[in-house]
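First comes the structure, then the notes that go with it.
In this text, all values refer to a predicted model and were calculated from it rather than measured experimentally. These numbers come from the heavy atoms of this one structure, side chains and all, not from hydrogens, waters or symmetry mates.
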Amino acid sequence: MQYLVDLEAQYEAVKKSFYQSVAAKKNINAARPNSALSEFNWHPNVFLPSILWREILEHPFLADLYLHGRIESNILAYFANYLVHFSWRYSKSVYKFDDYIFDCLTSSPAGRYLDHKLLTNLPEGSVYIELVKPLKLNGQIVHGVHACLNFSDNSLQSLKNKLPNQLIVIFNTHNPFSQENLMNQNPQPTLVFDISRSGKVDQQLTFIHGISYKAKEDLNEISSPFMSLISALCVDELELDNFSKGSVKQLIKTKPSWKDNEQHYWNKGDYKVNAPTNPKNWRVGVTYGVNYRQAKSAQQIEEQSKARLISLHWTHQVIDFEIRLKLMPPKLSNESIINEQIEQYITDTFKCL
């Protein structure tokens with residue numbers, strides 16, 4: 001991710017004042033990490049809402065872009081690029097899916113739908129997914145995807161007790177912060193979604209840059225593999241392994257959250273906002289992947305077995321006129337197992353009566 005090195009070089013001269021500005025804005029939302037959400041001025045899963053990032057980034061970042069041209073869509077896309085990358089730098093979490101899980105998710109059509117209640121559980125509010133296999137987007141090779149929760153509101157007073165209502169997705173196809181790309185105003189491909197409610201990708205889209213399509217409905221298929229991965233990070237079913245340098249405890253029971261970031265930066269009633277030096281690396285769904293491969297091998301050995309392996313997959317249903325997604329784990333299914341499940345269901349039902 002060379003482009004992050006170039007990004008840091010861009011603001012090296014103003015690093016101290018930049019950190020001070022971020023800390024001052026974070027103090028607006030000051031509350032103890034274990035406080036109730038009602039004590040925060042905005043949901044802390046959003047590091048800083050866009051209205052505050054714009055004040056921080058106006059000079060020198062956005063001002064410099066206007067010197068090289070005034071194509072409004074380019075400026076907006078670059079603002080989204082800056083917002084996402086700077087938000088992510090304060091967690092520096094990199095997520096990498098198990099090969100089997102990756103294949104299941106990227107081949108699922110469920111990525112055409114956005115479940116707003118699911119997406120607001122995005123770990124740490126800003127993540128980077130490193131693709132185990134590069135995917136293509138309009139012929140461009142995508143090496144990873146950034147996803148970041150945000151508020152689209154123009155007033156801080158309207159954010160209290162609200163869930164994040166915007167999701168920004170950035171595709172890592174090239175280095176947007178090289179001098180050449182800054183001069184030519186060539187940001188990374190960008191999608192911005194309204195997640196105040198659920199719906200199809202094309203219905204919730206509010207901004208797009210760097211992605212071509214014939215009909216808007218085509219975006220459902222184009223973005224589906226990436227959105228399926230992002231949604232999967234928000235569920236509790238997939239276990240995480242921490243394989244960061246110096247990690248003592250690898251398997252974790254709960255996913256990283258905004259509380260981890262708040263705890264890190266909160267110090268005696270004040271925010272000390274310096275970005276971490278090293279990234280945190282998380283493997284996603286390794287246990288399911290290992291179990292599936294073992295079951296698959298066993299099934300191939302026992303050719304007479306009637307067992308059928310059902311892969312990890314999404315299901316979706318409509319509840320209160322909105323799409324809800326649910327990730328179903330891989331399982332071994334045959335006649336005897338089905339009968340056992342029916343008997344267990346009947347037993348559990350009669351216990352409740």
Q. For the side chain of Tyr100 and the backbone of Leu312, is there at least one donor-acceptor N/O pair under 3.5 Å apart?
A. yes
Q: Answer yes when Glu39 and Lys160 have at least one side-chain N-carboxylate O distance shorter than 4.0 Å, and no when they do not.
A: no
Q | Within residues 176-187 or reaching into it, pairs that qualify as salt bridge (Lys or Arg N to Asp or Glu O under 4.0 Å) - sequence neighbours excluded | A | none
Q: Taking all non-hydrogen atoms of both residues into account, name the closest pair between Gln188 and Asn81 and its distance.
A: N-OD1, 2.9 Å
Q | Results of side-chain hydrogen bond (donor to acceptor under 3.5 Å, both in side chains) for Trp258 - residues two or more places apart only | A | none
Q) Of all residues at least two apart in sequence or in a different chain, which pass the salt bridge (Lys or Arg N to Asp or Glu O under 4.0 Å) check with Lys162? A) Asp153
Q: Classify the angle between the aromatic ring planes of Tyr82 and Tyr78 as parallel (below 30°), tilted (30 to 60°) or perpendicular (above 60°).
A: tilted
Q) Are Val132 and Ile230 connected in the hydrophobic side-chain network, where two residues link if heavy atoms are under 4.5 Å apart? A) yes
Q | Side-chain donor-acceptor pair present, Glu124, Tyr95, cut-off under 3.5 Å | A | yes
Q: For Glu130, enumerate each residue passing the salt bridge (Lys or Arg N to Asp or Glu O under 4.0 Å) test, keeping only those at least two apart in sequence or located in another chain.
A: Lys96
Q) What pair of heavy atoms forms the shortest contact from Ser91 to Ser126, and how long is it? A) OG-O, 3.5 Å
Q: Examine distances only and state if a side-chain atom of Asp218 and a backbone atom of Ala215 form a donor-acceptor pair shorter than 3.5 Å.
A: yes
Q | ring pair (Phe, Tyr, Trp, His ring centres under 6.0 Å) partners of Phe171, counting only residues at least two apart | A | Phe226
**Q.** Side chain Ser87, main chain Val84, donor-acceptor under 3.5 Å
**A.** no
Q) Tell me, do Leu156 and Pro49 make a side-chain contact under 4.5 Å, heavy atoms counted? A) yes
Q) Same cluster for Ile28 and Phe47 if Ile/Leu/Val/Met/Phe/Trp/Tyr side chains link at under 4.5 Å? A) yes
Q. Cluster partners of Val290, using ILVMFWY side-chain heavy atoms under 4.5 angstrom, listed by chain and number?
A. Val286
Q | Residues Asn150, Leu167; criterion side-chain contact (heavy atoms from CB on, under 4.5 Å); working and verdict | A | CA-CA 6 Å; Asn150 185 39; Leu167 177 71; over 6 Å; no
Q | Contact summary for Leu122 and Asn45, nearest pair of heavy atoms | A | O-ND2, 3.1 Å
Q. Under the side-chain hydrogen bond (donor to acceptor under 3.5 Å, both in side chains) test, which residues partner Glu55, sequence neighbours left out?
A. Lys25
(Q) Under a 3.5 Å distance rule, please check whether His85 uses its side chain to pair with a backbone N or O of His146 as donor and acceptor. (A) no
Q: List the steps, then state whether side-chain contact (heavy atoms from CB on, under 4.5 Å) holds for Ile141 with His143.
A: CA-CA 6 Å; Ile141 301 296; His143 302 284; 3.6 Å; yes
Q. For the residue pair Ser198 and Arg324, what are the closest heavy atoms and their distance?
A. OG-NH1, 3.3 Å
Which side-chain N or O atoms in residues 199-207 pair as donor and acceptor under 3.5 Å with protein atoms at least two apart or in another chain?
{"residue": "Asp202", "atom": "OD1", "partner": "Asn220", "partner atom": "ND2", "Å": "2.9"}
{"residue": "Gln203", "atom": "OE1", "partner": "Lys200", "partner atom": "N", "Å": "2.9"}
{"residue": "Gln204", "atom": "OE1", "partner": "Arg197", "partner atom": "NH1", "Å": "3.4"}
{"residue": "Gln204", "atom": "NE2", "partner": "Asp194", "partner atom": "O", "Å": "2.9"}
{"residue": "Gln204", "atom": "NE2", "partner": "Arg197", "partner atom": "O", "Å": "3.2"}
{"residue": "Thr206", "atom": "OG1", "partner": "Val192", "partner atom": "O", "Å": "3.1"}

Q | His209 and Leu76, any side-chain heavy atoms less than 4.5 Å apart | A | no
Q.
Check this for me: does any side-chain nitrogen of one of Asp260 and Lys280 sit under 4.0 Å from a carboxylate oxygen of the other?
A. no
Q. Just by modelled atom types, is the Asp98 backbone N or O under 3.5 Å from a matching donor or acceptor in the Tyr288 side chain?
A. no
Q | Close side-chain approach of Tyr128 and Cys148, heavy atoms under 4.5 Å | A | no
Q. Do Ser231 side-chain atoms and Met227 backbone N/O form a donor-acceptor pair below 3.5 Å?
A. yes
Q.
Looking at Asp115 and Lys117, would you say the former's side chain and the latter's main chain have a donor-acceptor pair under 3.5 Å?
A. yes
Q.
Do Phe40 and Leu163 land in one hydrophobic cluster if side-chain heavy atoms of ILVMFWY residues count as linked below 4.5 Å?
A. no
**Q.** Closest non-hydrogen atom pair between Asn165 and Ser152, with its separation
**A.** OD1-N, 2.9 Å
Q) What residues form a salt bridge (Lys or Arg N to Asp or Glu O under 4.0 Å) with Glu58, not counting sequence neighbours? A) none
Q: Look at the side chain of Asn281 and the backbone N and O of Val94, then say whether any donor-acceptor pair between them is shorter than 3.5 Å.
A: no
(Q) For a 4.5 angstrom cut-off between non-hydrogen side-chain atoms, does Leu131 reach Leu229? (A) yes
Q: Would you kindly check if the NZ (Lys) or CZ (Arg) of Arg54 is within the cone defined by 45 degrees around the ring axis of Phe79 and under 6.0 Å from the six-membered ring centre?
A: yes
Q | Contacts of type side-chain hydrogen bond (donor to acceptor under 3.5 Å, both in side chains), residue Asp103, not counting sequence neighbours | A | Lys133
Q. Side chain to side chain contact (heavy atoms under 4.5 Å, CB included) with Leu137: which of Pro189, Pro225, Ser223?
A. Pro189
Q) With side chains defined as the heavy atoms from C-beta onward, is the minimum distance between Thr190 and Val169 less than 4.5 Å? A) no
Q.
If you compare all heavy atoms of Pro187 against all heavy atoms of Asn74, which two are closest, and at what distance to 0.1 Å?
A. CG-O, 4.2 Å
(Q) Contact between Ile170 and Ile168 at the side-chain level, heavy atoms closer than 4.5 Å - yes or no? (A) yes
Q: Determine whether Pro330 and Ser311 make a side-chain contact, defined as any pair of heavy atoms from C-beta on separated by less than 4.5 Å.
A: no
Q.
Tell me if a side-chain donor or acceptor on Asn172 pairs with a main-chain N or O of Val145 at a distance below 3.5 Å.
A. no
**Q.** For Phe151, ring pair (Phe, Tyr, Trp, His ring centres under 6.0 Å) partners two or more places apart
**A.** none
Q. Any chain of hydrophobic side-chain contacts (each under 4.5 Å) joining Met328 to Val318?
A. no
Q | Residues that Ser108 engages under side-chain hydrogen bond (donor to acceptor under 3.5 Å, both in side chains), provided they are two or more places apart | A | none
Q: Establish, from distance only, whether the side-chain atoms of Ser178 and Asn175 form a donor-acceptor pair under 3.5 Å.
A: no
Q: Kindly indicate whether the side chain of Leu159, heavy atoms from C-beta on, has any atom under 4.5 Å from the side chain of Asn41.
A: no
Q | Greater than 12 external heavy atoms within 6.0 Å of Asn154's CG | A | no
**Q.** Under 3.5 Å donor-acceptor, Ser93 side chain and Val127 backbone
**A.** no
Q | Ring geometry between Trp53 and Phe86 (parallel below 30°, tilted from 30 to 60°, perpendicular above 60°) | A | parallel
